Amino acid sequence: MLNKTQIRYALDTIAEMFPNAECELNHRNPFDLLIAVVLSAQCTDALVNKVTVKLFEKYHTPNDYVNVTLEELQQDIRSIGLYRNKAKNIQKLCMSLLNDYNGEVPQTKEDLEKLAGVGRKTANVVVSVAFGEPAIAVDTHVERVSKRLGICRWKDSVLEVENTLMKKIPKEEWSDTHHRLIFFGRYHCKSKNPNCEVCPLLDICREGKKRLK
DNA sequence: AACTCGGGGCA
DNA sequence: TGCCCAGAGTT
């Protein structure tokens, strides 16, 4: 396991590698962001952006999504995987916003997680990106990178990874760190080809040293 | 903890 | 072709 000094070094190095790391999803307001993040599950952000360009020209409010048939909404997001369930969830989610939140996006993780299609990861991204609240959303990249480097344990659950990261990283750095770890995982420490041979973190990385042996 | 949903992108 | 992708819900 990495100590505090090593974690500090790792985060600073990753920050230098990806100085402009931020949310890549196409969004102009909390509502559009919420829709985009729900759509992004198990699917690349590039594909989501391609779909939401047209989607957000047609749909602007929760009412717009519930005033079309399920079939029509499904057609409009058809090129995204899991589109049938996602369309259902989005209509359910919009009904909840209209009934329980006056058509607005709730600003707490607890309320967000009650919405259809919104889990812990999505809720974290929304409060962080849309409302500026410190949060670390643990997706596949964050989980893989944290475990490889040795910031957390291999056997940790997603929730344990999140708690460990929050404990070991200053709160004011949570949101930036979240995006940086994602970029690091997506473009460098990839699931298949981690690029260990050119990695500046090889000295401290538990998995990297094992792989190059 | 394991399983399922799923079309598009990329090798 | 085969494998993977800024997960969530169910069993």
Side-chain angles (χ1 to χ4, degrees), chain A residues 14 17-18 20-27 30-56 70-71 73-97 105-106 109-131 133-148 152-162 165 174-195:
Chain A
I14 292 173
M17 295 171 73
F18 302 98
N20 300 318
E22 58 183 18
C23 181
E24 290 187 314
L25 291 176
N26 183 15
H27 65 280
F31 179 63
D32 283 353
L33 174 69
L34 177 58
I35 299 294
V37 183
V38 169
L39 288 176
S40 74
Q42 288 299 99
C43 156
T44 60
D45 48 349
L47 180 58
V48 173
N49 283 338
K50 207 160 77 178
V51 169
T52 53
V53 166
K54 288 185 179 178
L55 194 70
F56 293 163
L70 176 60
E71 290 71 23
L73 182 55
Q74 286 175 333
Q75 290 304 316
D76 289 336
I77 63 171
R78 177 203 272 292
S79 54
I80 288 184
L82 310 176
Y83 68 95
R84 296 183 191 86
N85 285 331
K86 286 176 181 175
K88 281 185 200 170
N89 284 336
I90 287 174
Q91 286 197 321
K92 257 193 234 175
L93 176 159
C94 287
M95 286 301 295
S96 301
L97 294 189
V105 178
K109 289 192 227 175
E110 294 71 33
D111 287 341
L112 284 164
E113 281 192 75
K114 292 178 195 162
L115 300 172
V118 179
R120 190 171 187 83
K121 183 258 169 186
T122 299
N124 270 316
V125 172
V126 171
V127 297
S128 166
V129 177
F131 302 124
E133 181 183 326
I136 300 179
V138 178
D139 58 36
T140 54
H141 295 307
V142 174
E143 180 178 0
R144 181 181 67 252
V145 167
S146 301
K147 289 181 176 180
R148 277 184 180 164
C152 64
R153 304 176 200 284
W154 271 111
K155 54 177 68 171
D156 282 352
S157 67
V158 175
L159 196 57
E160 288 169 329
V161 175
E162 182 180 332
L165 289 174
W174 285 356
S175 296
D176 285 341
T177 301
H178 160 69
H179 290 115
R180 287 170 186 155
L181 290 181
I182 285 183
F183 272 65
F184 181 67
R186 190 153 143 66
Y187 299 114
H188 182 87
C189 190
K190 305 176 190 177
S191 82
K192 262 202 148 175
N193 178 10
N195 292 302

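Convention: sequence-line order gives letters A, B, ...; per-chain numbering from 1. A quick note: this is a predicted structure, and the numbers were derived from the prediction, not measured. Scope of the values below: all heavy atoms of this structure, side chains included, with no hydrogens, waters or symmetry mates.
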What is the separation between atom [atom1] on [X] and atom [atom2] on [N], rounded to the nearest whole Å?
| X | N | atom1 | atom2 | answer |
| --- | --- | --- | --- | --- |
| L159(A) | dG7(C) | CG | P | 17 Å |
| K86(A) | dA6(C) | NZ | P | 11 Å |
| N85(A) | dG9(C) | CG | P | 10 Å |
| I90(A) | dG9(C) | CD1 | P | 13 Å |
| I182(A) | dC5(C) | CD1 | P | 13 Å |
| N124(A) | dG7(C) | CG | C1' | 13 Å |
| F183(A) | dC5(C) | CZ | P | 16 Å |
| E24(A) | dC5(C) | CD | C1' | 14 Å |

Residues, nucleotides or ligands: over 12 heavy atoms within 6.0 Å of K109(A) NZ
yes
Atom of P106(A), atom of L97(A) and distance for their closest heavy-atom approach
CD-CD2, 3.6 Å
Looking at R180(A) and I14(A), what are the two nearest heavy atoms and their distance?
O-CG2, 3.7 Å
Sugar-phosphate only, base, or nothing, as touched by [X] at under 4.0 Å among non-hydrogen atoms:
| X | value |
| --- | --- |
| G119(A) | sugar-phosphate |
| V48(A) | nothing |
| E22(A) | base |
| L82(A) | base |
| K88(A) | nothing |

Taking only side-chain nitrogens and oxygens of S191(A), does any of them come within less than 4.0 Å of OP1 or OP2 of dC5(C)?
yes
Does dA8(C) have OP1 or OP2 sitting under 4.0 Å from an N or O in the side chain of T122(A)?
yes
If you measure from the P atom in dC3(B) to the same atom in dA6(C), how many Å do you get, rounded?
23 Å
Span that lies between the P atom of dG6(B) and that of dT1(C), in whole angstrom:
23 Å
Between G81(A) and S157(A), name the one whose nearest nucleotide on DNA chain B is closer to the 5' end.
S157(A)
Nearest-0.5 Å distance, NZ of residue K50(A) to CG of residue N26(A)
13.5 Å
Before you tell me yes or no, could you show the steps for V158(A) and E162(A) under side-chain contact (heavy atoms from CB on, under 4.5 Å), namely the whole-Å CA-CA distance, both residues' side-chain angles and the distance that decides it to 0.1 Å?
CA-CA 6 Å; V158(A) 175; E162(A) 182 180 332; 5.6 Å; no
Residue closer to the 5' end of DNA chain C, G117(A) versus T44(A) (nearest nucleotide)
T44(A)
Using the closest heavy atom to pick a nucleotide of DNA chain C for each, name whichever of L115(A) or D139(A) lands nearer the 5' end.
D139(A)
Checking side-chain contact (heavy atoms from CB on, under 4.5 Å) between V129(A) and each of L25(A), L33(A), N124(A), which is the one that passes?
L33(A)
For V145(A), run the side-chain contact (heavy atoms from CB on, under 4.5 Å) check against P194(A), C189(A), S191(A) and tell me which one passes.
C189(A)
With a 4.0 Å cut-off (strictly under) to non-hydrogen atoms of chain A, the first and last hit nts on DNA chain B, 5' to 3', are dC5(B) to dG9(B)
Any side-chain heavy atom of K121(A) sitting closer than 4.5 Å to one from V37(A)?
yes
